[in-house]
Number of protein chains: 2
Amino acid sequence: MTRQKIEIKKIDNISARQVTFSKRRRGLFKKAHELSTLCDAEIALMVFSNTGKLFDYSSSSMQQVIQRHNLHSQELGLSEHPSIELQLELSNQTMLSKELAEKTRELRQLKGEELQEMTIKDLQKLEKLLVGGITRVSQAKEDRVLKDISSLKRKEVQLMEENWRLKQAQHLTPENGHSSECITIVCSSLADIPQDYDTSDTSLKLGLPFPD
Amino acid sequence: MTRQKIEIKKIDNISARQVTFSKRRRGLFKKAHELSTLCDAEIALMVFSNTGKLFDYSSSSMQQVIQRHNLHSQELGLSEHPSIELQLELSNQTMLSKELAEKTRELRQLKGEELQEMTIKDLQKLEKLLVGGITRVSQAKEDRVLKDISSLKRKEVQLMEENWRLKQAQHLTPENGHSSECITIVCSSLADIPQDYDTSDTSLKLGLPFPD
DNA sequence: GGAGCTATGTATAAAAT
DNA sequence: TATTTTATACATAGCTC
């Protein structure tokens, strides 16, 4: 329940931000559509999530609205000066390069590589960021591992039941003893779930010799 | 008062339509702005009234968002005959954008934010990277702190020597007792190097009341 | 990561100004 | 026609599943 009015500033909590994004985005698109219908307006709406995903809406066609917009904003779309587009691209590229340089630096710092001109305070912030990251990554790994283990255990139970049924069947037609033995061996090896999964590679164990 | 829920279809009454347009348009723009702020999204919104008037909003720059949108929808042909230079810049930009997206993703993963489609092996690699980073960052911080401390200690020794010389000088001309006392107090406070530098801000202690 | 719930905040239809 | 008011419809924060 919306127990309090929220302040309009970036939501820190990642999952809360994601939930709010998808809810409010839907609301926004609905309102845009309603406005275009009620008031016979031509509307284009583009939304990029902070993960870079694109969502867009247009009451007619996106290109059409963009071109109409270009007409309004100082005839930029008419290429009176053929170099205007080029200039735009160039400035855009400059910006991209800057962003790229910034991200690269940030990455190097997170990897502990470019720390000489940081203050003690900066280093503390970096440390906190890394601790947060490692906490989440470890948790994710843990979750994944536990999931894999329980799925393996389920398979083990299935195979043991299958095995038992096959054995029962062989008691009725006892002329073939080889395959029974073979299956028994394979199933017992499956029971060896690694307990030291933190250092071993559990994912390699997932390729079972049996199809689902 | 909104005495009845309205149906979403074109409003026939012209003045009612105009009123609704200006109210809902403002609401829509507000919502767009809130979404961009709350969720760190890049948004462009263009609205043409049925009288042809343009209203637009962009969280950054309209041109930038339109270009980003063009990149996504792969319709790069804004003009009929893009020049060779423009084509070059565009491909260059595409490359830059890809790199940027890649770095952004990597950063997010280091911060533990986008882990859903990583394998256990990937997660382990990430963990190692983070551990390496945190080791180096902590070491750098430690080094910095120790350097600050030893520099402070050197200063302390210098000041104590100076202090001692001043005292000696005063024994030769004993008519002024105040300044001696004052300097003694300051020097004893310098001896209090913080042992809990991990949580206190050592750098603040560097601004000594004495010039070098 | 989505779907549904509910209490509360916000937007707005209609009327007044 | 724009703004303000007010009663009501709608959106959504926080929560559960």
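Predicted model only: the values in this text are computed from it and were never measured.
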Return no unless some side-chain N or O of A:Arg25 is found under 4.0 Å from OP1 or OP2 of D:dA11. no

How long is the line joining CG of A:Leu35 and C1' of C:dA11, in whole Å? 13 Å

Quick one: A:Ile6 CD1 to C:dA11 P, roughly how many Å, whole number? 11 Å

With the side chain defined as heavy atoms from C-beta on, A:Lys5 is closest, among D:dT3, C:dG9, D:dC10, to C:dG9

Integer-rounded Å distance: C:dG9 P and B:Glu34 CD: 15 Å

Are B:His69 and A:Phe48 close enough that their ring centers fall under 6.0 Å? no

Let me know the distance between CD of B:Glu7 and C1' of C:dA14, rounded to the nearest Å. 18 Å

d(NZ, A:Lys147; P, C:dG1) in whole Å: 12 Å

side-chain N/O B:Lys30 vs C:dA11 OP1/OP2, d < 4.0 Å: yes

In terms of the nearest nucleotide of DNA chain D, which residue is placed more toward the 5' end: B:Leu38 or B:Ser15? B:Ser15

I want to confirm an ordering. Mapping B:Leu28 and A:Val19 to their closest nucleotides on DNA chain C, which one lands closer to the 5' end? A:Val19

Looking at the side chain of B:Gln116, which of D:dA13, C:dG1, C:dA3 is the nearest nucleotide? C:dG1

Nearest whole angstrom, please: distance from the C1' of C:dT10 to the CD1 of A:Ile8. 11 Å

A:Lys31 atom NZ is separated from C:dT10 atom P, nearest whole Å, by 14 Å

Separation of B:Arg17 CZ from B:Thr20 OG1 (nearest 0.5 Å): 10.0 Å

CD on A:Glu99 to OG1 on B:Thr104, rounded to 0.5 Å: 7.5 Å

Please report the interatomic distance CG(A:Asn50) to SG(B:Cys39), rounded to the nearest 0.5 Å. 8.0 Å

Short side-chain N/O contact from A:Ser22 to OP1 or OP2 of C:dG1, under 4.0 Å: no

Here the gap from B:Gln109 atom CD to B:Lys125 atom NZ, rounded to the nearest 0.5 Å, amounts to 11.5 Å

Find the distance A:Phe21:CZ to D:dT12:C1' and express it as a whole number of Å. 16 Å

Hey, is the side chain of B:Lys23 pairing donor to acceptor with the base of C:dA13 inside 3.5 Å? yes

The side chain of B:Arg24 lies closest to which of these nucleotides: C:dA13, C:dG1, C:dA11? C:dA13

